[in-house]
Engineer: 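Here it is: the structure, laid out below.
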Amino acid sequence: MKLIKHFYFSCVFSRTCAGKSIKPMLRIVLLLFISFFVFTATSAQTPNTEESSFRKYGIGVGYGFNSPLNEDLHPFEVSLQYRPNTRHTIYLTIPFLKKQEEHASGTPYTTGDNVGWSVINMNDYLWGIELGYHYSMLNYRGISLFAGAGLSYQSLDSETHSYGWTNYLFLTDRPHPSYHLSTSGKEVNAYSFVPQAGLKYTWKGISVEFKYKPWFSTEKYWFDVYKQVPETAEFNYLYNQNRIWYVKNGFACSLFFYF
């Protein structure tokens, strides 16, 4: 140890070594060493701002511009996301919709020798689940371009109720109108593979995304009809139908909050 100290001080305070001054060189080396040590210690104690502020979990609400079951249905969506880093995203989406419509003839209608009035009530209930993955290919100032795929299941229950009365003008032995009732039920289930691509903008803990998602679907269909017309007939029938691999274009937008 004494020999090392003696060599160090002799090199520092000596004016020449092999005819050249080494004092400035030692100062530069020492300065670089100290700078490197300080930088390393500071980096180890100070966390990365981007990594420490990155939020992995997100919850969002969205709107679907159509559905693989019916292009006239626009379901709302609730989504959960998990992002292990800025590139990879795993998501779970639950679409749902309840739609009710009523159509009524404001004035009695006339068909041939009959006069009548009717009301039609239509109820649609849609729900589903979708699980998938996104990969962000481009991230620039909060804007990211992503692509991915998912598996989707959607179910639609539709009910149509029709009721009214008909007065048979040509039957003089019927002093009162005849009432009729018709009820039909439809259940459709769609199983889909959903490739998708979209654009996302993220600012702090808020993100807005828009994506294009075509559905490659197979469909199972059940239809049930019940009719009752007093004094005439009453019947009920059920049939089912399957449709294999049809394609529909889909679009959706969502708003996410990350924590």
Engineer: Heavy atoms only: give me the nearest Y258-G58 pair and the separation to one decimal.
Structural biologist: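 Nearest heavy atoms, Y258 then G58: CD2-CA, 3.5 Å.
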Engineer: Would you sort out whether Y153 and W127 count as a side chain to side chain contact (heavy atoms under 4.5 Å, CB included), showing the intermediate values?
Structural biologist: CA-CA 9 Å; Y153 166 78; W127 72 276; 3.7 Å; yes
Engineer: Are there more than 12 heavy atoms of other residues, nucleotides or ligands under 6.0 Å from atom OH of Y57?
Structural biologist: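 No, the 6.0 Å shell around OH holds no more than 12 heavy atoms from other groups.
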Engineer: Would you name the heavy atoms of G198 and L145 that are closest together and state the gap between them?
Structural biologist: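 Between these two residues, the closest heavy atoms are O-CD1, 3.2 Å.
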Engineer: Is the shortest side-chain heavy-atom distance between Y191 and T218 below 4.5 Å?
Structural biologist: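 Sidechains of T218 and Y191: in contact.
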Engineer: Assess whether side chain to side chain contact (heavy atoms under 4.5 Å, CB included) is satisfied between T202 and F256, documenting all intermediate values.
Structural biologist: CA-CA 9 Å; T202 304; F256 285 92; over 6 Å; no
Engineer: For F259, I'd like to know if atom CZ has over 12 heavy atoms of other residues, nucleotides or ligands within 6.0 Å.
Structural biologist: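 More than 12 within 6.0 Å, yes.
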Engineer: Write down the atom of G250, the atom of N66, and the distance for their closest heavy-atom approach.
Structural biologist: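 In terms of heavy atoms, the two residues are closest at CA-OD1, 3.3 Å.
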Engineer: Nearest 0.5 Å please: distance from the CG atom of N189 over to the NZ atom of K220.
Structural biologist: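 Reported to 0.5 Å precision, the distance equals 8.0 Å.
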Engineer: Is the count of non-hydrogen atoms from other residues, nucleotides or ligands lying under 6.0 Å from Y82 atom OH greater than 12?
Structural biologist: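 Yes, enclosed.
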Engineer: Roughly how far, to the nearest 0.5 Å, is the CG atom of N139 from the OG atom of S144?
Structural biologist: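 Between atom OG of S144 and atom CG of N139 there are 5.0 Å.
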Engineer: Could you go through the ring-ring contact (aromatic ring centres under 6.0 Å, His included) check for F65 and H74 one step at a time?
Structural biologist: CA-CA 5 Å; F65 292 92; H74 312 289; 7.6 Å; no
Engineer: Report yes if some heavy atom in the side chain of S254 is under 4.5 Å from a heavy atom in the side chain of E77; otherwise report no.
Structural biologist: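 The answer is yes; the side chains approach within 4.5 Å.
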Engineer: Stepwise, does the side-chain hydrogen bond (donor to acceptor under 3.5 Å, both in side chains) test hold for Y125 with E159?
Structural biologist: CA-CA 9 Å; Y125 306 93; E159 296 180 356; 5.1 Å; no
Engineer: What is the distance from atom CG of L69 to atom OG of S158, rounded to the nearest 0.5 Å?
Structural biologist: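 Taking CG in L69 and OG in S158, the distance rounds to 9.0 Å.
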Engineer: Using side chain to side chain contact (heavy atoms under 4.5 Å, CB included), reason through Y135 and F146 one step at a time and then give a plain yes or no.
Structural biologist: CA-CA 5 Å; Y135 177 77; F146 64 88; over 6 Å; no
Engineer: Can you measure from CG (D157) to CG (N123) and round to the nearest 0.5 angstrom?
Structural biologist: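 Rounded to the nearest 0.5 Å, the CG-CG separation comes to 11.0 Å.
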Engineer: Return the minimal non-hydrogen interatomic distance between Q154 and S67, and the atom names on each side.
Structural biologist: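 Minimum heavy-atom contact is OE1-OG, 2.8 Å.
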Engineer: Ignoring hydrogens, what is the shortest heavy-atom contact between W215 and S192? Give both atom names and the distance.
Structural biologist: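 Where W215 meets S192 most closely, the heavy atoms are CD1-CB, 3.7 Å.
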Engineer: Main chain of H88, side chain of R83: is a donor-acceptor contact present, judged purely on distance under 3.5 Å?
Structural biologist: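 Pair absent, no side-chain N/O of R83 close to backbone of H88.
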Engineer: Taking NZ, NE, NH1 and NH2 as the nitrogens, is one of them in K213 or E130 under 4.0 Å from a carboxylate oxygen of the other?
Structural biologist: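 A salt bridge is present here (some side-chain N lies under 4.0 Å from a carboxylate O).
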Engineer: Establish, for the pair K200 and Y91, whether the NZ or CZ atom is under 6.0 angstrom from the six-membered ring centre and no further than 45 degrees off its axis.
Structural biologist: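 Here K200 fails the 6.0 Å and 45° test against Y91.
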